[in-house]
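This report refers to the structure that appears directly beneath it.
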Amino acid sequence: MALINYATREIQCKIVYYGTGLGGKTTNLEYIHKQLNPSIRGEMVSLKTADDRTLYFDFLPLDLGSVQGFKTKFSLYTVPGQVVYNASRKLVLNGADGIVFVADSQKDKMQENIDMYKNMEENLKENLMDLNKIPLVMQYNKRDLPPLLTIEELEGTLNPNNSPYFEAIAVDGTGVFATLKSISKEILKRFTMEK
Amino acid sequence: MLDSQLTKMILTEEGVKNLTKLLERLLAESGAKYVIVVEKSGQKIASLGESSPNEMALAALVAGAFSSTREIAKLLGEQVFRMMIQKGEHDNIFISLLETEDLLTVVFDERTTLGMVKLKISQITPEISAAIKQMTTSEKQE
């Protein structure tokens, strides 16, 4: 849920990176944090387990310029990808203005991707949110780790609504900013359309 | 017409001014050092006092911590825990759930007491809830 503050002239939006465990959601945020100038990003907060897996969420605040005289502030969140942490996933998803679905491109991960996509749909429904109304961008990550699923296979199975998609190798940053730019643009487009 | 899923909350200048006045009163009367109102998805609505440099992260973590206690409450058969207290060596934090489901978070130290903070919060929360509600309803009429 975006928050429009006329007192400070700010729009605050929430982007959630959703996807399978070890799929690269946290890596996306870490890369963004590393590359951006500290003047436009805040500190990254990670709630991790002892073995470095996301326990609750990662959080990274960004200032992404102005739209119609309003400063745009984005909060980036990841969800924990492990199946057992569904309660946390549902909580983090609540109030999202846009979603990046990070799919693992490796051949043996298709079923996990499908399960997580379905899980996202269910959690959105339980939060009374509608996937058709929320900007969604697909990121096909780990394009450097064969054997790979083809883009056609991934698109055909995971992207029935033809949301924008990006190929990525999050560890070296390939596709990371293209994905972020696309989802933030999709979110802001809704504001300008509605105003 | 704004999409309700995208913009459930619009903070008007007037609304934020009213809310800030209430927060000023709360700080003055309770002796606390910092207060922040956090919307349930983790965004800041308003704040006042000796703020943390990482205010946005603080808001996200407060909402995260509180929503996880909500799940704990459910596991215990409670509908919700309405307040949460964290005690540190110097600073303490008191989080209270507002009627609007937003979170009033107060940071205080040894200059005041938990009892005083709790009392002042309980006295002022109806007014804070009303100030937030007014913003959300006036937005619906637009």
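Because only heavy atoms are used, hydrogens play no part in the values below, and waters and symmetry mates are left out as well, while side chains stay in.
- With a 4.5 angstrom heavy-atom cutoff, A:Asn5 touches chain B via backbone and side-chain atoms both.
- More than 12 non-hydrogen atoms from other residues, nucleotides or ligands lie less than 6.0 angstrom from CD of A:Glu121.
- Using modelled atom types, one finds a donor on one side chain and an acceptor on the other under 3.5 Å when comparing A:Asn123 with A:Asn119.
- Using a 4.5 Å cut-off between heavy atoms, B:Glu39 touches chain A through its side chain atoms alone.
- In the hydrophobic clustering, where aliphatic and aromatic side chains (Ile, Leu, Val, Met, Phe, Trp, Tyr) are joined below 4.5 Å either directly or transitively, A:Tyr85 groups with A:Leu55, A:Val84.
- When the heavy atoms of residues 12-30 of chain A are compared with those of chain B, the residues falling under 4.5 Å are A:Gln12, A:Cys13, A:Lys14, listed by number.
- A side chain to side chain contact (heavy atoms under 4.5 Å, CB included) with B:Tyr34 is found for exactly one of B:Val106, B:Leu58, B:Leu48, B:Asp109, namely B:Leu58.
- Remark: the backbone N or O of A:Asp104 is paired with a side-chain donor or acceptor of A:Asn113 at under 3.5 angstrom.
- Using a 4.5 Å heavy-atom cut-off against chain A, the contacting residues of residues 67-105 of chain B are B:Ser67, B:Ser68, B:Glu71.
- When atom types are taken as modelled, the side chain of A:Thr157 and the backbone of A:Leu154 share no donor-acceptor pair closer than 3.5 angstrom.
- With respect to chain B, the highest number of heavy-atom pairs below 4.5 Å among A:Leu47, A:Leu60, A:Leu91, A:Val45 belongs to A:Leu91.
- When side chains are defined from C-beta on, A:Ser184 counts as touching A:Phe74, because their heavy atoms get closer than 4.5 Å.
- In this view, A:Glu122 satisfies the side-chain contact (heavy atoms from CB on, under 4.5 Å) rule with no residue, not counting sequence neighbours.
- No side-chain donor-acceptor contact under 3.5 Å links A:Asp58 to the backbone of A:Thr78.
- Salt-bridge formation is detected for the pair B:Arg111/B:Glu50: a Lys NZ or Arg NE/NH1/NH2 atom is positioned less than 4.0 Å from an Asp or Glu carboxylate oxygen.
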